[in-house]
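Report on the structure given below.
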Amino acid sequence: MAKGKRQSSKKKKGKKTGNRKHPKDTASTDDDNQGASTLDAADLSVNQTSVSETNASRMIRRDPNHPLSPLERLAPHLLFKIVNHLEQRDKDILFHVVTGQEIPPEGEQEEEQATSSEHGSHSHADATATTPNRPGGRWRIPMEFVTSDPDTLLARLNTRRLYKRLKDKTDYTYPSNMTTDEIALLEWNNILKRASTSSSEVAPVISPSRELLMFTPCPRSVAVLASYPRSGNSLLRSLYEKITLRVSGSDMRGGLVSHDLVGEAAVSSNRVQFVKTHYPERRGIKPYPACRVVLLVRNPYDALESYFNLMTTGTHTSTLSEEMRNRLTSTWQSMVQKEICVWQAFNEFWLSQNIPLLLVRYEDLIRYPYQVMCRVIQFVLEINNMDFFASRIAQCVAEEQIEQLGSYQPRSGGIGKSLSRYTPEMLQSINFGIFDTMEQLDYTSMLIPNKEEWELEPLPDYSREYYHDPDNTVIVNDESKPLVRTPKHRTNWAKLKREINGMPTGTCHCAKCVGRGR
C-alpha cells in the first residue's frame, strides 16, 4: 500500500507539457492571473527529450503535407531562445537532429574554434548564409532550415503579443482552446460588434499594439505602396496594420521581419491587400498585377541622406559618425549625383501609370497622421463610409507619439535637417534638373537652399488623387522593362563598407565577392 501511495504522489507532482492549450480568459482574481501565467510558461517551454528527428524536420522545414500545430509553428522561435541554455553536447545533438550534419569530436571542435579566432570573424552578410555552422561555438540554426513562411511568422508575432498581454496583466488575455488565427478572427468580430452597438460590454478593449493580425484574401489585384527607399513605407505599413489588423505584404525578402512586419515576400491577392514595393528602383521576388497605387514620396534631400546611412551602416537606425562622414565626402557627393536621377525617375514612372493613384507625402504623414491615414485607408479599401475606420485611426494614432508608431525607432532629425550635408554647389546642380518633379509633388518651396524659409503646407485634403482607368492594371517587377537604376547609377556599397570597417579591398573571399572580382 505504501508503494502504491508513493506512485500516486509522484503522478500528482508530474506536469504535462505536451498538449497545453491556450490559458483561459483572465478574470479579476489573483488566482486566475497566476494560473494563466503558469500555463503560458509551460506553453513556452520545450521538452528537449521529446524532440525527435521527424518532429524537428516538420518544425524547421515546414513540410506542407504535415500541417503544423500552434506549438510546432512556434518551435523554431523557441529553439533560438532555449538552445543557448543547453549543455554543449546537447547543443551538438540538437544540431545533428535539425541539420543532419555530423557532430565533430570534441577535439576537432576546439581546433575549429581556435582556427576561427586566429583568422578573425567574417562580417560579410552574404557569406554568413553559406558558411558551415560550427557546433562548437554559439549555436544557431542555418538559414536554409529556419521556417520563414508568412503563416509561421504571423503565428510567432501573434503569440508574442498574447504573451505580452499576460506579462503586463493590463489587457484582456485570450480565450482557451483556440489557435492564434481563431483568436484573431474572434477579436476582430468583437471589434465590429462593439462598433455597431456602441457598447464596451461586448468585449474588452485591447491596446492596438497587443491586437492580433490576420491575412485576408482580396477579390481583386492588390494595391501597392510604392516608394523610393527611406521614404517612410515601414511607418505607413505599421499604421495600416494597426488600423485594419491585416498583414501588409512586401515583394522583397527584407530584414523587417524582426520589426514585426511579417508579410515579407507575401504578394498574392489571396493573402494580402496592400503590398510594399520599390519597383522600378529594383525588382522584387516575382511579377504580380496591381490595380491601384499609393505613391509615398519624401523630399530628396532627406531621402538621399537616409539612404546613404542605410547603405553604409547596414541598419535602419544607425548613423555614421562625423569623422567617418568627413572621410566619405567625395563618396557622398558622387552618390547624390547618381541617386537624384533614380529618385526623379522613380516618382515620374508611377505618376505616368494609367491606374488610380494616391499621392502621399512623408512630411504630411508625420505631421498629420490621422488625416493622411484616413485618405490611405479610404483609397486602398475602396470604401465611402469612414465612420468605423475613423475611430480606429484615432485610437491607433493617439496611443503613442508618431515616431514610435513605426516598426522601429527612426533616426533623430526633422524635415530638412539633412540640408546641411549639401554644399551650395551640390544643391544648385541637383535642383536644376528636378524642378518639374518637385513642382508636381508640391515641393517647390523646398528648392530654397535655406530651410528656415520653407513654407511646406500640407497637400489639399492631405493627399492628391489621380483618377485613371479603374479596370487597368500594372505589372509590378515586370522583367521586360528596364529599371530606373541603371549601371551608371550604382554605387559599390560592398567595397565601401569594407573600407569603412578597415578591411582593404579584395580581402573578402566569399563566393559572391570572388565571382564579382571584389
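The chain is numbered in sequence order, starting from 1. Keep in mind that the numbers below use all heavy atoms, side chains included, and drop hydrogens, waters and symmetry copies.
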### Task
Determine whether Q333 and T329 make a side-chain contact, defined as any pair of heavy atoms from C-beta on separated by less than 4.5 Å.
yes

### Task
Work out which heavy atom in V247 is nearest to a heavy atom in V272; give both atom names and the distance.
O-CG1, 3.4 Å

### Task
Go through D442 and R464 one step at a time and tell me if the salt bridge (charged side-chain N to carboxylate O under 4.0 Å, His left out) criterion holds.
CA-CA 10 Å; D442 272 8; R464 180 180 296 146; 3.0 Å; yes

### Message
Assess the residue pair E339 and R485 against the criterion (salt bridge (charged side-chain N to carboxylate O under 4.0 Å, His left out)); give the C-alpha distance rounded to whole Å, side-chain angles, the decisive distance to 0.1 Å, and a yes or no.
### Response
CA-CA 8 Å; E339 286 300 320; R485 185 186 299 283; 2.3 Å; yes

### Least distance between heavy atoms, T486 atom then L483 atom
CG2-O, 4.0 Å

### Message
Looking only at the side chains, is there a donor atom on one of Y301 and N431 sitting less than 3.5 Å from an acceptor on the other?
### Response
yes

### Query
Going by the angle between their ring planes, with limits at 30° and 60°, are Y462 and Y368 parallel, tilted or perpendicular?
tilted

### Query
Any donor-acceptor pair under 3.5 Å linking the side chain of S238 with the backbone of S234?
yes

### Task
Working to the nearest 0.5 Å, report the span between CD1 of I430 and CZ of F435.
14.5 Å

### Query
Does the S306 side chain pair with the main chain of D302, one donor and one acceptor, at a distance under 3.5 Å?
no

### Query
Between D168 and R165, is the closest basic N to carboxylate O distance under 4.0 Å?
no

### Polar side-chain atom of W332 near backbone of R421 as donor-acceptor pair, under 3.5 Å
yes

### Query
Should the heavy atoms of other residues, nucleotides or ligands under 6.0 Å from CZ of R220 be counted, would the total exceed 12?
yes

#### Entry: Steps toward salt bridge (charged side-chain N to carboxylate O under 4.0 Å, His left out) verdict (R392, E211)
CA-CA 12 Å; R392 285 285 305 171; E211 292 178 313; 3.0 Å; yes

### Query
Any chance the side chains of D181 and T179 put a donor and an acceptor closer than 3.5 Å?
no

### Task
Look at the side chain of R361 and the backbone N and O of R298, then say whether any donor-acceptor pair between them is shorter than 3.5 Å.
no

### Beyond-backbone contact of Y240 with L225, side-chain heavy atoms, under 4.5 angstrom
no

### Task
For this output row, return yes or no: ring centroids of F349 and Y279 closer than 6.0 angstrom.
yes

### Query
Are any side-chain N or O atoms of R210 and backbone N or O atoms of I206, one a donor and one an acceptor, separated by less than 3.5 Å?
no

### Query
Side chains of E264 and L153: does their closest heavy-atom pair fall under 4.5 Å?
no

### Donor-acceptor contact present, side-chain D364 to main-chain L459, <3.5 Å
yes

### Message
Quick check: do D251 and K276 have side-chain heavy atoms less than 4.5 Å from each other?
### Response
no

### Summary
Taking every heavy atom of R375 against every heavy atom of D461, the minimum-distance pair comes out as NE-OD2, 3.1 Å

#### Entry: E465 atom CD, neighbour heavy-atom count above 12 within 6.0 Å
yes

### Task
Classify the side-chain pair T437/E348 by whether it contains a donor and acceptor separated by less than 3.5 Å.
yes

### Query
Taking side chain as C-beta onward, heavy atoms only, is Y443 less than 4.5 Å from W454?
no

### Task
Would you name the heavy atoms of S231 and A303 that are closest together and state the gap between them?
OG-CB, 4.4 Å

### Task
Write down the atom of T312, the atom of L320, and the distance for their closest heavy-atom approach.
OG1-CD1, 3.3 Å

### Query
So, does N158 use its side chain to make a donor-acceptor pair with the main chain of T180 at under 3.5 Å?
no

### Message
Is it the case that the side chain of N477 and the backbone of K286 share a donor-acceptor pair, with hydrogens and angles ignored and the cut-off at 3.5 Å?
### Response
yes

### Message
Taking the side chain as everything from C-beta on, heavy atoms only, tell me whether N233 gets closer than 4.5 Å to L235.
### Response
no

### Query
Of V484, L304, L296, which meets side chain to side chain contact (heavy atoms under 4.5 Å, CB included) against Y228?
L304

### Task
With R246 as the cation and F215 as the aromatic partner, state whether NZ or CZ is under 6.0 Å from the six-membered ring centre and within 45° of the axis.
no

### Query
Is it true that R292 and E382 have a side-chain N and a carboxylate O under 4.0 angstrom from each other?
yes

### Query
Can you tell me if E363 uses its side chain to pair, donor with acceptor, with the backbone of N299 under 3.5 Å?
yes

### Query
Hey, does C396 have a side-chain heavy atom less than 4.5 Å from the side chain of P208?
yes

### Query
With the threshold set at 4.0 Å, does a side-chain nitrogen-carboxylate oxygen contact exist between R271 and D151?
yes

### T319 versus N309, side-chain donor and acceptor atoms under 3.5 Å
no

### Message
Treating D469 as the side-chain partner and D471 as the backbone partner, does any N or O pair qualify as donor plus acceptor under 3.5 Å?
### Response
yes

### Summary
Tightest non-hydrogen contact, residues R237 and S248, listed as NE-OG, 2.9 Å

### Query
Does D260 come within less than 4.0 Å of R160, counting only side-chain N to carboxylate O?
yes

### Task
Quick one: pull up CD1 in I183 and OG1 in T159 and give me the separation to the nearest 0.5 Å.
8.5 Å

### Message
Can you tell me how far apart NZ (K451) and CG (L456) are? Round to the nearest 0.5 Å.
### Response
12.5 Å

### Task
Would you indicate whether the side-chain heavy atoms of L236 and F274 approach each other to under 4.5 Å?
yes

